[in-house]
S.K.: 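Below are the structure tokens for one structure; questions will follow.
We count residues from 1, following the sequence as given.
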Amino acid sequence: MNNKVRVLGQNVELHLLLKLNADCDETALLREVWSAGIMVGSVTEHWSGLKNTYADTFILGFGTLTVEDLEDGVERLAEAWFGSE
């Protein structure tokens with residue numbers, strides 16, 4: 001995904017936050033990945049602080065995934081959001 005995203009929380013154990021480096025339609029992006037069978041959540045659905053603090057930021061859980069599952073999921077997520085580059 002190169003410079004299109006920023007990973008937040010690299011030192012956590014069960015999930016990462018993925019912040020897109022451009023404004024996006026969160027609902028459309030979620031529908032896109034959910035239809036591909038990729039379970040990703042939006043931080044704004046869970047955030048009660050200042051509006052837009054975590055806009056365009058998504059939750060990627062990996063606590064029960066193998067390394068292979070995680071790699072496959074990230075590849076599928078990149079394909080769903082950005083196409084093949």
Side-chain angles (χ1 to χ4, degrees):
M1 291 186 243
N2 298 324
N3 62 348
K4 294 180 178 158
V5 299
R6 186 170 42 129
V7 177
L8 309 173
Q10 292 92 327
N11 296 321
V12 297
E13 294 183 19
L14 300 176
H15 66 274
L16 293 173
L17 300 181
L18 192 66
K19 170 107 173 116
L20 283 110
N21 289 331
D23 290 337
C24 67
D25 179 345
E26 289 182 13
T27 303
L29 289 176
L30 288 173
R31 275 192 217 119
E32 180 110 15
V33 295
W34 292 345
S35 69
I38 304 165
M39 299 310 299
V40 173
S42 170
V43 173
T44 57
E45 295 175 2
H46 307 282
W47 183 252
S48 62
L50 294 173
K51 186 178 179 183
N52 296 332
T53 301
Y54 284 100
D56 308 326
T57 305
F58 299 87
I59 303 168
L60 283 71
F62 59 86
T64 61
L65 299 178
T66 65
V67 171
E68 292 80 16
D69 290 338
L70 183 58
E71 289 172 349
D72 179 59
V74 169
E75 288 174 10
R76 291 174 55 209
L77 178 66
E79 175 70 27
W81 280 351
F82 307 115
S84 58
E85 298 181 348

S.K.: Stepwise, does the side-chain contact (heavy atoms from CB on, under 4.5 Å) test hold for L77 with L18?
M.R.: CA-CA 11 Å; L77 178 66; L18 192 66; 3.8 Å; yes
S.K.: How about N21 and D56: do any of their side-chain heavy atoms sit closer than 4.5 Å?
M.R.: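 Heavy-atom side-chain distance check fails, nothing below 4.5 Å.
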S.K.: Please enumerate all residues that pass side chain to side chain contact (heavy atoms under 4.5 Å, CB included) together with D69, with sequence neighbours excluded.
M.R.: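 Counting only residues at least two positions away or on another chain, D69 forms a side chain to side chain contact (heavy atoms under 4.5 Å, CB included) with L65, T66.
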S.K.: Looking at NZ of K4 and SG of C24, how far apart are the two atoms once the value is rounded to the nearest 0.5 Å?
M.R.: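 One finds 13.5 Å between NZ of K4 and SG of C24.
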S.K.: I want to check something: taking the side chain as every heavy atom from C-beta on, are V5 and F82 in contact at a cut-off of under 4.5 Å?
M.R.: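 They are in contact (side-chain heavy atoms under 4.5 Å apart), so the answer is yes.
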S.K.: So, using side chain to side chain contact (heavy atoms under 4.5 Å, CB included) as the criterion, who are the partners of R76 when residues are at least two apart?
M.R.: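 Partners of R76 by the side chain to side chain contact (heavy atoms under 4.5 Å, CB included) criterion, ordered by chain and then number, come out as I38, D72.
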S.K.: Sequence neighbours left out, what passes side chain to side chain donor-acceptor pair (under 3.5 Å) with S42? Give chain and number order.
M.R.: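 Testing S42 for side chain to side chain donor-acceptor pair (under 3.5 Å), a comparison that skips the adjacent residues, returns E26, T44.
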S.K.: Flag the pair W81 / L29 as yes when at least one side-chain heavy-atom distance between them is below 4.5 Å, and no otherwise.
M.R.: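 SC-SC contact between W81 and L29 confirmed.
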S.K.: Nearest 0.5 Å, please: how far is CD1 in I59 from CE in M39?
M.R.: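 Spacing of CE (M39) from CD1 (I59) equals 11.5 Å.
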S.K.: Under the rule for side chain to side chain contact (heavy atoms under 4.5 Å, CB included), what residues qualify as partners of T27, not counting sequence neighbours?
M.R.: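 Here the qualifying residues are D25, R31.
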